[in-house]
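All values derive from a computational prediction rather than experimental measurement.
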Amino acid sequence: MSKKKRLQKQKQQTHNNENAKDKSPVVHQAQKLERPVTIRQRPDLTNKQKEFLKLALDNNTKVIFLSGPSGSSKSFLATLAVLELMNLKKVSDLIYIRSIVESSDNKLGYLPGSAEEKLSPYLEPLMEKLDELLFTADVNTLIREKRIDGKPTGYLRGLSWNAKGIIMDEAQNSTFKELTTLLTRVGHFSKLFVCGDPMQSDINGKSGFEKMCNIFNDEESRKQGIHVFYLTEEDIVRSEIVKFIVKKLNLYSNIK
């Protein structure tokens, strides 16, 4: 090979290497899992639930608003997605966010203690899902390594999350302003799942969940990695009685 051709080849190789470089932004992020957790798979997922998981694990997906009736496994699916992302080393931690709102029909008063202690009872749904999906040893490992964190919606300002799996549960109990604060906390490489059931809002018409879903349910948002995903009565897997109850209540609402 002549010297001229060799130089041309080296120049082309350098050009190819430059194009192949990872151009992702360099950001501070916590260390990923050293050893994957063992996830128990549930065989009774519906086709739409499987479709959600595929979308959740897509590299281009950044935010999913997940709307569906009680028993359609919204929290379960979001938790499963984050655990899968942790195993894939896409995210480092699971952050669970929930509005500390009591039922508007039955107020129990304020809980004593710190913000963490006040939130503890509201973390029970997440711990239930972790116990369902993981073996006890893996749950304990995630807790020991401080990879599970709970936040009330009122404590989000000033935070920024890189490479985190974030779940907002019971989002129908959050105002539009609270959801705006949540959405603007998302940093590089994070995935946010906003789960809500419009039928079960406890804040007397002040919920911002459906409005947010409507704002981002368009092609422009999807191109940016923001999706709105709807589960229906057919996706209720909790029990047949819950499926029947939801159908009857929806029918009653439509008649009114």
Heavy-atom pair with the smallest gap, counting every atom of R147 and K32: NH2-O, 3.3 Å
Partners of E132 by salt bridge (charged side-chain N to carboxylate O under 4.0 Å, His left out), sequence neighbours excluded? R42
Among residues at least two apart in sequence or on other chains, which ones pass side chain to side chain contact (heavy atoms under 4.5 Å, CB included) with E84? I39, Q41, L57, L80
Checking E51 against Q49: is there a side-chain donor and acceptor pair closer than 3.5 Å? no
Is it the case that more than 12 heavy atoms not belonging to D44 sit under 6.0 Å from its CG atom? yes
A171 meets the side chain to side chain contact (heavy atoms under 4.5 Å, CB included) criterion, sequence neighbours left out, with M168, L179, V194, F209
Evaluation steps, side-chain contact (heavy atoms from CB on, under 4.5 Å), between L130 and L83: CA-CA 9 Å; L130 291 175; L83 292 174; 4.2 Å; yes
Which value, rounded to the nearest 0.5 Å, describes the distance between F135 atom CZ and T141 atom OG1? 13.0 Å
Considering only residues two or more places apart or on different chains, which pairs with a residue in residues 62-84 satisfy ring-ring contact (aromatic ring centres under 6.0 Å, His included)? F65-F216
Presence of salt bridge, D138 and R35, under 4.0 angstrom: yes
Kindly write out the residues that satisfy side chain to side chain contact (heavy atoms under 4.5 Å, CB included) with T181, not counting sequence neighbours, or none if the list is empty. L156, R157, R185
I would like to know whether K62 and L192 meet side-chain contact (heavy atoms from CB on, under 4.5 Å); could you show each step before the answer? CA-CA 6 Å; K62 298 177 178 66; L192 170 62; over 6 Å; no
Under the side chain to side chain contact (heavy atoms under 4.5 Å, CB included) test, residues paired with Q224 that sit two or more places apart: none
Rounded to the nearest 0.5 Å, how far apart are CD1 of I97 and CD of E170? 13.5 Å
Within 45 degrees of the ring normal and closer than 6.0 Å to the centroid, is that where the cationic atom of K48 sits relative to F229? yes
Go through the side-chain N and O atoms of D169 and S75 and say whether any donor and acceptor fall under 3.5 Å apart. yes
Y96-D149 side chain donor-acceptor pair, cut-off 3.5 Å: no
Between the side chain of D197 and the main-chain N/O of S70, is any donor-acceptor distance below 3.5 Å? yes
